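A short write-up of the structure that comes next.
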Amino acid sequence: MRLRVDGDVCTGHGRCYTVAPDLLTYDDEGFVSIRDESIAVAADQIKAAEDAAASCPEEAITLIEEEE
Amino acid sequence: MSEMAQTADQRPEEGRRGGCPVVHLDFSTAKEAGCYWAQAEELREEAPAYYNDFGSGYWIFTRHDAVRDIYKTPELFSSESITPWEPEPAYRFIPTQVDPPDHVKYRKILNPWFSPKAVEEAEPRMRELCRGLVAEIAPRGECEFIGDLALLYPTAVFLSFVGVPVSEADRFVAFVDDFFAGFSGDPEKLPGMAAALQGIRDYWEVALAERREDPSPREGDLAGYLMQATFEDRPLTDTEILDMLQVLVLAGLDTTRGQLGYMFRHLADHPEHRQRLIAEPELIPNAVEEALRYYTIIFGDGRKVTRDTEFHGVPLKQGEMVYGLVAGANRDPRHYERAGEYLIDRERIHHMGFANGPHRCLGAHLARKEMQVVVSEWLAQIPDFEAAPSDPLVERGGGAMLSLAELPLRWEAGA
(Lines give C-alpha, C1' and ligand atoms only; values in the text may rest on other atoms or scores of the structure.)
Protein backbone atom coordinates (compact mmCIF):
# COMPACT_ATOMS: atom_id res chain seq x y z
CA MET A 1 0.00 0.00 0.00
CA ARG A 2 1.06 3.59 -0.65
CA LEU A 3 -0.25 6.73 1.01
CA ARG A 4 -0.53 9.97 -0.92
CA VAL A 5 -1.34 13.50 0.30
CA ASP A 6 -2.92 16.00 -2.07
CA GLY A 7 -1.06 19.23 -1.29
CA ASP A 8 -3.78 21.44 -2.76
CA VAL A 9 -6.34 19.98 -0.39
CA CYS A 10 -4.30 19.58 2.82
CA THR A 11 -4.68 22.63 5.07
CA GLY A 12 -2.69 21.39 8.06
CA HIS A 13 -5.29 20.17 10.56
CA GLY A 14 -2.69 17.74 11.85
CA ARG A 15 -5.04 14.83 12.42
CA CYS A 16 -3.02 12.43 10.24
CA TYR A 17 0.31 12.72 12.01
CA THR A 18 -1.51 12.69 15.35
CA VAL A 19 -3.27 9.38 14.74
CA ALA A 20 -0.35 7.83 12.80
CA PRO A 21 2.76 9.20 14.53
CA ASP A 22 4.99 6.31 13.42
CA LEU A 23 4.09 6.87 9.79
CA LEU A 24 3.69 10.63 9.35
CA THR A 25 5.19 13.79 10.76
CA TYR A 26 4.85 17.55 10.33
CA ASP A 27 6.85 20.32 8.71
CA ASP A 28 7.75 23.73 10.13
CA GLU A 29 4.36 25.17 9.22
CA GLY A 30 2.38 22.28 10.71
CA PHE A 31 1.45 20.58 7.45
CA VAL A 32 2.16 16.88 7.03
CA SER A 33 5.71 16.67 5.71
CA ILE A 34 4.83 14.71 2.55
CA ARG A 35 2.45 17.08 0.75
CA ASP A 36 2.15 16.09 -2.93
CA GLU A 37 4.22 13.02 -2.27
CA SER A 38 3.42 9.39 -1.76
CA ILE A 39 5.11 6.99 0.63
CA ALA A 40 5.16 3.22 1.00
CA VAL A 41 3.15 1.91 3.95
CA ALA A 42 4.70 -1.04 5.80
CA ALA A 43 2.43 -3.91 6.72
CA ASP A 44 2.37 -2.97 10.40
CA GLN A 45 1.33 0.60 9.51
CA ILE A 46 -1.70 -0.22 7.36
CA LYS A 47 -4.21 0.37 10.16
CA ALA A 48 -2.45 3.67 11.01
CA ALA A 49 -2.59 4.73 7.35
CA GLU A 50 -6.30 3.93 7.17
CA ASP A 51 -6.90 5.87 10.40
CA ALA A 52 -4.96 8.85 9.02
CA ALA A 53 -6.95 8.89 5.78
CA ALA A 54 -10.29 8.58 7.58
CA SER A 55 -9.37 11.27 10.14
CA CYS A 56 -8.47 13.92 7.58
CA PRO A 57 -11.15 16.65 7.66
CA GLU A 58 -10.17 17.68 4.12
CA GLU A 59 -10.13 14.17 2.63
CA ALA A 60 -6.65 14.94 1.33
CA ILE A 61 -5.22 11.44 1.83
CA THR A 62 -5.51 8.66 -0.73
CA LEU A 63 -4.49 5.05 -0.10
CA ILE A 64 -3.30 3.14 -3.14
CA GLU A 65 -3.31 -0.64 -3.11
CA GLU A 66 -0.25 -1.96 -4.90
CA GLU A 67 -0.20 -4.97 -7.19
CA GLU A 68 1.59 -7.91 -5.61
CA MET B 1 -41.35 40.46 13.42
CA SER B 2 -41.71 37.11 15.16
CA GLU B 3 -45.29 36.96 13.87
CA MET B 4 -43.86 36.83 10.38
CA ALA B 5 -42.00 33.67 11.23
CA GLN B 6 -45.12 32.07 12.67
CA THR B 7 -47.12 32.95 9.59
CA ALA B 8 -44.34 31.54 7.47
CA ASP B 9 -44.52 28.24 9.30
CA GLN B 10 -48.27 28.03 8.90
CA ARG B 11 -48.35 28.98 5.25
CA PRO B 12 -45.27 27.33 3.76
CA GLU B 13 -45.96 28.42 0.17
CA GLU B 14 -45.88 32.10 1.07
CA GLY B 15 -43.17 31.74 3.71
CA ARG B 16 -40.57 30.40 1.36
CA ARG B 17 -37.71 31.96 -0.50
CA GLY B 18 -35.59 30.16 -3.08
CA GLY B 19 -37.44 26.99 -2.12
CA CYS B 20 -36.34 27.33 1.53
CA PRO B 21 -38.37 28.02 4.67
CA VAL B 22 -38.10 31.61 5.87
CA VAL B 23 -37.25 32.02 9.55
CA HIS B 24 -36.63 34.97 11.82
CA LEU B 25 -33.91 33.95 14.23
CA ASP B 26 -31.69 36.08 16.47
CA PHE B 27 -28.60 34.13 17.49
CA SER B 28 -27.19 36.88 19.69
CA THR B 29 -29.18 36.33 22.90
CA ALA B 30 -28.02 34.41 25.97
CA LYS B 31 -29.91 31.16 26.60
CA GLU B 32 -29.88 28.22 28.95
CA ALA B 33 -26.76 26.11 28.30
CA GLY B 34 -27.23 23.61 25.50
CA CYS B 35 -30.13 25.44 23.85
CA TYR B 36 -28.07 26.52 20.86
CA TRP B 37 -27.00 22.98 20.00
CA ALA B 38 -30.58 21.81 20.39
CA GLN B 39 -31.64 24.57 18.02
CA ALA B 40 -28.94 23.59 15.52
CA GLU B 41 -30.13 19.96 15.58
CA GLU B 42 -33.73 21.02 15.08
CA LEU B 43 -32.89 23.31 12.18
CA ARG B 44 -30.72 20.65 10.52
CA GLU B 45 -33.34 17.92 10.75
CA GLU B 46 -36.20 20.10 9.54
CA ALA B 47 -34.48 21.48 6.42
CA PRO B 48 -31.07 21.60 4.72
CA ALA B 49 -31.32 25.36 4.13
CA TYR B 50 -33.29 28.39 5.32
CA TYR B 51 -33.56 32.06 4.61
CA ASN B 52 -33.23 34.02 7.87
CA ASP B 53 -34.84 37.43 7.48
CA PHE B 54 -33.11 38.70 10.61
CA GLY B 55 -31.09 41.88 10.02
CA SER B 56 -30.40 42.38 6.33
CA GLY B 57 -31.17 38.68 5.77
CA TYR B 58 -29.00 35.67 4.98
CA TRP B 59 -29.08 32.00 4.00
CA ILE B 60 -28.44 29.26 6.57
CA PHE B 61 -27.05 25.88 5.52
CA THR B 62 -27.47 23.30 8.23
CA ARG B 63 -25.89 20.03 7.07
CA HIS B 64 -22.36 18.73 6.97
CA ASP B 65 -21.71 18.57 3.24
CA ALA B 66 -23.02 22.05 2.49
CA VAL B 67 -21.06 23.61 5.35
CA ARG B 68 -17.92 21.79 4.17
CA ASP B 69 -18.48 22.99 0.60
CA ILE B 70 -18.88 26.60 1.78
CA TYR B 71 -15.53 26.32 3.53
CA LYS B 72 -13.86 24.59 0.60
CA THR B 73 -15.04 27.00 -2.09
CA PRO B 74 -13.52 30.39 -1.19
CA GLU B 75 -13.78 31.57 -4.79
CA LEU B 76 -17.56 31.44 -4.39
CA PHE B 77 -17.76 32.27 -0.67
CA SER B 78 -15.59 35.20 0.34
CA SER B 79 -14.40 35.77 3.90
CA GLU B 80 -14.74 39.53 3.43
CA SER B 81 -17.46 39.23 6.11
CA ILE B 82 -17.73 36.23 8.44
CA THR B 83 -20.79 37.57 10.29
CA PRO B 84 -23.91 37.26 8.11
CA TRP B 85 -25.80 39.77 10.27
CA GLU B 86 -23.06 42.34 9.48
CA PRO B 87 -22.07 42.09 5.79
CA GLU B 88 -19.88 45.23 5.97
CA PRO B 89 -17.83 44.90 9.16
CA ALA B 90 -15.84 47.84 10.47
CA TYR B 91 -12.73 45.69 10.88
CA ARG B 92 -10.58 43.70 8.46
CA PHE B 93 -8.84 40.85 10.20
CA ILE B 94 -5.76 39.32 8.56
CA PRO B 95 -5.64 36.53 7.51
CA THR B 96 -9.22 35.75 8.62
CA GLN B 97 -10.95 38.02 6.10
CA VAL B 98 -8.47 37.69 3.25
CA ASP B 99 -9.35 35.52 0.25
CA PRO B 100 -7.05 33.57 -2.07
CA PRO B 101 -4.52 34.17 -3.50
CA ASP B 102 -3.23 36.58 -0.81
CA HIS B 103 -4.57 34.57 2.12
CA VAL B 104 -1.96 31.83 1.97
CA LYS B 105 0.86 34.40 1.80
CA TYR B 106 -0.16 35.80 5.17
CA ARG B 107 -0.64 32.29 6.56
CA LYS B 108 2.89 31.37 5.55
CA ILE B 109 4.13 34.16 7.81
CA LEU B 110 2.03 33.08 10.79
CA ASN B 111 1.94 29.27 10.46
CA PRO B 112 5.45 28.61 11.85
CA TRP B 113 4.73 30.68 14.98
CA PHE B 114 1.67 28.50 15.78
CA SER B 115 3.05 25.20 14.47
CA PRO B 116 2.95 21.89 16.37
CA LYS B 117 6.70 22.21 16.82
CA ALA B 118 6.36 25.62 18.48
CA VAL B 119 3.58 24.28 20.68
CA GLU B 120 5.65 21.26 21.72
CA GLU B 121 8.49 23.55 22.71
CA ALA B 122 6.10 25.59 24.84
CA GLU B 123 4.46 22.58 26.47
CA PRO B 124 6.69 22.33 29.59
CA ARG B 125 5.96 25.92 30.62
CA MET B 126 2.28 25.50 29.66
CA ARG B 127 2.10 22.54 32.06
CA GLU B 128 3.94 24.33 34.83
CA LEU B 129 1.65 27.33 34.57
CA CYS B 130 -1.48 25.17 34.64
CA ARG B 131 -0.23 23.03 37.52
CA GLY B 132 0.33 26.20 39.55
CA LEU B 133 -3.14 27.59 38.83
CA VAL B 134 -4.84 24.31 39.71
CA ALA B 135 -2.74 24.02 42.89
CA GLU B 136 -4.14 27.37 44.01
CA ILE B 137 -7.71 26.26 43.34
CA ALA B 138 -7.57 22.66 44.65
CA PRO B 139 -7.56 23.37 48.42
CA ARG B 140 -10.67 25.55 48.10
CA GLY B 141 -12.99 22.64 47.34
CA GLU B 142 -14.94 24.78 44.90
CA CYS B 143 -14.45 27.25 42.09
CA GLU B 144 -16.18 29.12 39.32
CA PHE B 145 -14.38 27.29 36.56
CA ILE B 146 -14.81 29.86 33.79
CA GLY B 147 -13.47 32.84 35.72
CA ASP B 148 -10.96 30.95 37.88
CA LEU B 149 -9.32 28.85 35.20
CA ALA B 150 -10.93 28.62 31.73
CA LEU B 151 -10.38 32.30 31.01
CA LEU B 152 -7.23 32.86 33.02
CA TYR B 153 -5.19 29.96 31.70
CA PRO B 154 -5.59 30.41 27.90
CA THR B 155 -5.06 34.14 28.39
CA ALA B 156 -1.77 33.60 30.24
CA VAL B 157 -0.62 30.98 27.72
CA PHE B 158 -1.55 33.03 24.70
CA LEU B 159 0.04 36.24 25.95
CA SER B 160 3.29 34.46 26.79
CA PHE B 161 3.11 32.69 23.40
CA VAL B 162 3.14 36.02 21.57
CA GLY B 163 5.49 37.81 23.95
CA VAL B 164 3.10 40.01 25.94
CA PRO B 165 3.65 40.28 29.74
CA VAL B 166 1.04 38.17 31.53
CA SER B 167 0.42 41.19 33.79
CA GLU B 168 -1.55 42.61 30.84
CA ALA B 169 -4.11 39.79 31.10
CA ASP B 170 -6.91 41.78 32.76
CA ARG B 171 -6.79 44.47 30.12
CA PHE B 172 -7.01 41.94 27.28
CA VAL B 173 -9.76 39.92 28.91
CA ALA B 174 -11.93 43.03 29.10
CA PHE B 175 -11.31 43.80 25.42
CA VAL B 176 -12.23 40.26 24.42
CA ASP B 177 -15.44 40.21 26.47
CA ASP B 178 -16.59 43.52 25.01
CA PHE B 179 -15.76 42.46 21.47
CA PHE B 180 -17.65 39.17 21.55
CA ALA B 181 -20.66 40.80 23.20
CA GLY B 182 -21.16 42.71 19.94
CA PHE B 183 -19.79 40.16 17.47
CA SER B 184 -22.85 37.91 17.71
CA GLY B 185 -25.12 40.62 16.37
CA ASP B 186 -26.59 42.45 19.37
CA PRO B 187 -26.82 46.08 18.14
CA GLU B 188 -26.72 47.50 21.68
CA LYS B 189 -23.29 45.99 22.19
CA LEU B 190 -21.75 47.46 19.01
CA PRO B 191 -20.26 50.61 20.63
CA GLY B 192 -18.47 48.44 23.23
CA MET B 193 -17.22 46.19 20.47
CA ALA B 194 -15.83 49.15 18.54
CA ALA B 195 -14.12 50.50 21.67
CA ALA B 196 -12.54 47.09 22.35
CA LEU B 197 -11.19 46.87 18.81
CA GLN B 198 -9.68 50.32 19.16
CA GLY B 199 -8.24 49.45 22.57
CA ILE B 200 -6.46 46.39 21.19
CA ARG B 201 -5.17 48.40 18.26
CA ASP B 202 -3.91 51.19 20.52
CA TYR B 203 -2.04 48.65 22.66
CA TRP B 204 -0.23 47.22 19.64
CA GLU B 205 0.47 50.63 18.10
CA VAL B 206 2.36 51.54 21.24
CA ALA B 207 4.12 48.16 21.13
CA LEU B 208 5.27 48.76 17.54
CA ALA B 209 6.53 52.25 18.42
CA GLU B 210 8.48 50.85 21.38
CA ARG B 211 10.14 48.30 19.13
CA ARG B 212 11.12 50.99 16.62
CA GLU B 213 12.69 53.00 19.43
CA ASP B 214 14.48 49.97 20.86
CA PRO B 215 14.93 47.40 18.10
CA SER B 216 16.96 44.95 20.20
CA PRO B 217 15.42 41.48 19.86
CA ARG B 218 13.00 40.36 22.57
CA GLU B 219 12.41 36.70 23.27
CA GLY B 220 9.26 35.14 21.82
CA ASP B 221 8.10 38.48 20.46
CA LEU B 222 5.50 38.04 17.74
CA ALA B 223 5.13 41.79 17.10
CA GLY B 224 8.87 42.08 16.50
CA TYR B 225 8.77 39.01 14.25
CA LEU B 226 5.98 40.51 12.15
CA MET B 227 7.92 43.76 11.79
CA GLN B 228 10.71 41.73 10.17
CA ALA B 229 8.38 39.57 8.04
CA THR B 230 7.89 40.10 4.32
CA PHE B 231 4.88 39.81 2.04
CA GLU B 232 5.95 39.30 -1.59
CA ASP B 233 9.38 40.71 -0.77
CA ARG B 234 8.13 43.87 0.90
CA PRO B 235 7.81 44.49 4.65
CA LEU B 236 4.34 44.23 6.17
CA THR B 237 2.71 47.63 6.68
CA ASP B 238 1.72 48.71 10.18
CA THR B 239 -1.92 48.39 9.16
CA GLU B 240 -1.36 44.77 8.16
CA ILE B 241 0.51 43.99 11.37
CA LEU B 242 -2.23 45.57 13.49
CA ASP B 243 -4.95 43.75 11.53
CA MET B 244 -3.12 40.50 12.32
CA LEU B 245 -2.40 41.11 16.01
CA GLN B 246 -5.95 42.30 16.62
CA VAL B 247 -7.57 39.09 15.44
CA LEU B 248 -4.96 36.85 17.08
CA VAL B 249 -5.76 38.32 20.48
CA LEU B 250 -9.48 37.91 19.97
CA ALA B 251 -9.30 34.38 18.61
CA GLY B 252 -6.62 33.22 21.01
CA LEU B 253 -8.24 34.26 24.25
CA ASP B 254 -11.92 33.60 23.88
CA THR B 255 -12.27 30.32 22.04
CA THR B 256 -10.35 28.11 24.43
CA ARG B 257 -12.32 29.55 27.34
CA GLY B 258 -15.54 28.52 25.64
CA GLN B 259 -14.33 25.06 24.71
CA LEU B 260 -12.86 24.35 28.16
CA GLY B 261 -16.12 25.29 29.86
CA TYR B 262 -18.15 22.71 27.96
CA MET B 263 -15.41 20.09 28.29
CA PHE B 264 -15.40 20.46 32.08
CA ARG B 265 -19.16 20.52 32.36
CA HIS B 266 -19.04 17.17 30.56
CA LEU B 267 -16.35 15.80 32.88
CA ALA B 268 -18.24 17.05 35.95
CA ASP B 269 -21.33 15.17 34.80
CA HIS B 270 -19.50 12.01 33.67
CA PRO B 271 -17.45 10.36 36.43
CA GLU B 272 -16.90 7.32 34.19
CA HIS B 273 -15.10 9.51 31.67
CA ARG B 274 -12.93 11.10 34.38
CA GLN B 275 -11.94 7.65 35.61
CA ARG B 276 -11.19 6.52 32.08
CA LEU B 277 -8.89 9.50 31.43
CA ILE B 278 -7.10 9.05 34.75
CA ALA B 279 -6.52 5.35 33.96
CA GLU B 280 -5.64 6.00 30.30
CA PRO B 281 -4.15 9.50 30.01
CA GLU B 282 -3.10 8.71 26.44
CA LEU B 283 -6.81 8.98 25.60
CA ILE B 284 -6.93 12.68 26.61
CA PRO B 285 -6.15 14.07 23.12
CA ASN B 286 -8.97 11.93 21.72
CA ALA B 287 -11.37 13.12 24.42
CA VAL B 288 -10.49 16.71 23.57
CA GLU B 289 -10.95 16.13 19.83
CA GLU B 290 -14.38 14.61 20.39
CA ALA B 291 -15.30 17.60 22.56
CA LEU B 292 -14.35 19.86 19.67
CA ARG B 293 -16.77 17.92 17.47
CA TYR B 294 -19.63 17.33 19.86
CA TYR B 295 -19.43 20.54 21.91
CA THR B 296 -18.57 22.79 18.98
CA ILE B 297 -18.42 26.38 20.20
CA ILE B 298 -18.45 27.69 16.63
CA PHE B 299 -22.22 27.83 16.20
CA GLY B 300 -21.85 28.97 12.61
CA ASP B 301 -19.57 30.78 10.21
CA GLY B 302 -20.50 33.42 7.64
CA ARG B 303 -19.31 34.09 4.09
CA LYS B 304 -20.25 36.51 1.30
CA VAL B 305 -21.39 35.19 -2.09
CA THR B 306 -19.06 36.37 -4.89
CA ARG B 307 -21.31 35.65 -7.91
CA ASP B 308 -24.83 34.50 -8.77
CA THR B 309 -24.98 30.74 -8.53
CA GLU B 310 -26.97 27.75 -7.38
CA PHE B 311 -25.55 26.03 -4.32
CA HIS B 312 -26.98 22.78 -2.94
CA GLY B 313 -30.21 23.58 -4.78
CA VAL B 314 -30.51 27.16 -3.46
CA PRO B 315 -30.27 30.16 -5.80
CA LEU B 316 -27.73 32.63 -4.39
CA LYS B 317 -27.07 36.17 -5.57
CA GLN B 318 -23.77 38.02 -5.57
CA GLY B 319 -23.37 40.02 -2.35
CA GLU B 320 -25.76 37.90 -0.29
CA MET B 321 -24.53 36.35 2.94
CA VAL B 322 -24.53 32.65 3.85
CA TYR B 323 -24.12 31.07 7.28
CA GLY B 324 -22.77 27.54 7.59
CA LEU B 325 -24.23 26.03 10.76
CA VAL B 326 -21.07 24.33 12.01
CA ALA B 327 -22.71 23.16 15.23
CA GLY B 328 -25.34 21.37 13.15
CA ALA B 329 -22.82 19.94 10.69
CA ASN B 330 -20.56 18.45 13.37
CA ARG B 331 -23.47 16.36 14.69
CA ASP B 332 -24.99 15.51 11.33
CA PRO B 333 -26.07 11.84 11.35
CA ARG B 334 -25.75 11.84 7.54
CA HIS B 335 -22.01 12.13 8.04
CA TYR B 336 -21.17 10.67 11.46
CA GLU B 337 -22.09 7.38 13.08
CA ARG B 338 -23.70 7.91 16.49
CA ALA B 339 -23.46 11.62 15.70
CA GLY B 340 -25.54 12.68 18.67
CA GLU B 341 -23.32 11.00 21.27
CA TYR B 342 -20.06 12.07 22.90
CA LEU B 343 -17.83 9.00 22.46
CA ILE B 344 -14.62 9.42 24.41
CA ASP B 345 -12.86 6.72 22.39
CA ARG B 346 -14.37 7.56 19.02
CA GLU B 347 -11.95 6.59 16.28
CA ARG B 348 -11.06 8.61 13.21
CA ILE B 349 -12.51 11.84 14.55
CA HIS B 350 -12.72 14.72 12.16
CA HIS B 351 -14.82 17.82 12.52
CA MET B 352 -15.15 21.44 11.45
CA GLY B 353 -14.67 22.93 14.91
CA PHE B 354 -11.47 24.47 13.52
CA ALA B 355 -13.22 25.28 10.23
CA ASN B 356 -12.29 23.54 7.00
CA GLY B 357 -10.52 24.52 3.81
CA PRO B 358 -7.91 27.27 3.63
CA HIS B 359 -9.10 29.16 6.72
CA ARG B 360 -8.43 26.20 9.02
CA CYS B 361 -7.84 27.66 12.50
CA LEU B 362 -4.29 28.98 12.83
CA GLY B 363 -4.29 28.34 16.57
CA ALA B 364 -5.66 24.79 16.38
CA HIS B 365 -2.47 23.10 17.59
CA LEU B 366 -2.10 25.52 20.50
CA ALA B 367 -5.78 25.25 21.46
CA ARG B 368 -5.71 21.45 21.49
CA LYS B 369 -2.58 21.43 23.62
CA GLU B 370 -4.04 23.94 26.08
CA MET B 371 -7.12 21.80 26.51
CA GLN B 372 -5.12 18.58 26.88
CA VAL B 373 -2.89 20.21 29.49
CA VAL B 374 -5.81 21.54 31.52
CA VAL B 375 -7.60 18.17 31.52
CA SER B 376 -4.51 16.23 32.59
CA GLU B 377 -3.25 18.74 35.18
CA TRP B 378 -6.72 19.18 36.68
CA LEU B 379 -7.45 15.46 36.94
CA ALA B 380 -4.03 14.90 38.55
CA GLN B 381 -4.97 17.20 41.42
CA ILE B 382 -8.78 17.12 41.42
CA PRO B 383 -9.77 13.66 40.15
CA ASP B 384 -13.27 13.77 41.55
CA PHE B 385 -15.56 16.79 41.17
CA GLU B 386 -19.10 17.72 40.29
CA ALA B 387 -21.24 20.63 39.24
CA ALA B 388 -22.12 22.72 42.29
CA PRO B 389 -25.82 23.50 42.79
CA SER B 390 -26.64 26.68 40.92
CA ASP B 391 -29.24 28.37 38.81
CA PRO B 392 -29.45 26.84 35.33
CA LEU B 393 -26.20 27.46 33.46
CA VAL B 394 -26.35 30.18 30.83
CA GLU B 395 -24.48 30.39 27.54
CA ARG B 396 -23.61 33.51 25.63
CA GLY B 397 -25.38 34.14 22.32
CA GLY B 398 -24.20 31.57 19.86
CA GLY B 399 -24.10 33.67 16.71
CA ALA B 400 -20.35 33.81 16.72
CA MET B 401 -19.02 31.56 19.46
CA LEU B 402 -20.70 29.79 22.33
CA SER B 403 -19.38 30.08 25.86
CA LEU B 404 -20.77 29.26 29.29
CA ALA B 405 -21.16 32.40 31.39
CA GLU B 406 -20.28 30.51 34.60
CA LEU B 407 -19.58 26.95 35.67
CA PRO B 408 -19.54 26.41 39.47
CA LEU B 409 -17.74 23.18 40.43
CA ARG B 410 -17.09 21.57 43.83
CA TRP B 411 -15.09 18.68 45.25
CA GLU B 412 -13.85 17.38 48.56
CA ALA B 413 -10.77 19.45 49.37
CA GLY B 414 -7.76 17.46 50.51
CA ALA B 415 -9.32 14.26 49.25
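For the numbers below, each heavy atom of this structure counts, side chains included, while hydrogens, waters and symmetry mates do not. Source: prediction; values computed, not measured. So you know, we letter chains A, B, ... as the sequences are listed, proteins then strands, and number each from 1.
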Residue-level interface, residues 110-126 of chain B with chain A, non-hydrogen cut-off under 4.5 Å: Asn111(B), Pro112(B), Ser115(B), Pro116(B), Lys117(B), Glu120(B)
Would you say Ser78(B) and Arg303(B) are linked by a side-chain donor-acceptor pair, where the criterion is simply a distance under 3.5 Å? no
Between Arg127(B) and Ser376(B), does any side-chain donor sit less than 3.5 Å from a side-chain acceptor? yes
Tell me, side chain or backbone of His351(B) under 4.5 Å from chain A's heavy atoms, or both, or neither? backbone
So for Lys108(B), is it side chain, backbone, both, or neither that comes closer than 4.5 Å to the heavy atoms of chain A? both
Nearest 0.5 Å, please: how far is OG in Ser55(A) from OH in Tyr17(A)? 13.0 Å
Val5(A) and Phe31(A), any side-chain heavy atoms less than 4.5 Å apart: no
Side-chain touch Leu248(B)/Leu222(B), heavy atoms, less than 4.5 angstrom: yes
Pick from Arg360(B), His359(B), Glu289(B), Arg68(B) with the largest number of heavy-atom pairs that fall under 4.5 Å of chain A: Arg360(B)
Show your working on ring-ring contact (aromatic ring centres under 6.0 Å, His included) between Tyr26(A) and His365(B) and close with a plain yes or no. CA-CA 12 Å; Tyr26(A) 48 73; His365(B) 308 293; 7.9 Å; no
Heavy-atom pairs under 4.5 Å with chain B: which of Val9(A), Thr18(A), Asp51(A) has the most? Asp51(A)
Show the numbers, then the answer: is there a ring-ring contact (aromatic ring centres under 6.0 Å, His included) between Tyr294(B) and Trp37(B)? CA-CA 9 Å; Tyr294(B) 186 74; Trp37(B) 288 315; 7.1 Å; no
Determine yes or no for a side-chain-to-main-chain donor-acceptor pair under 3.5 angstrom, with Arg293(B) supplying the side chain and Asn330(B) the backbone. yes
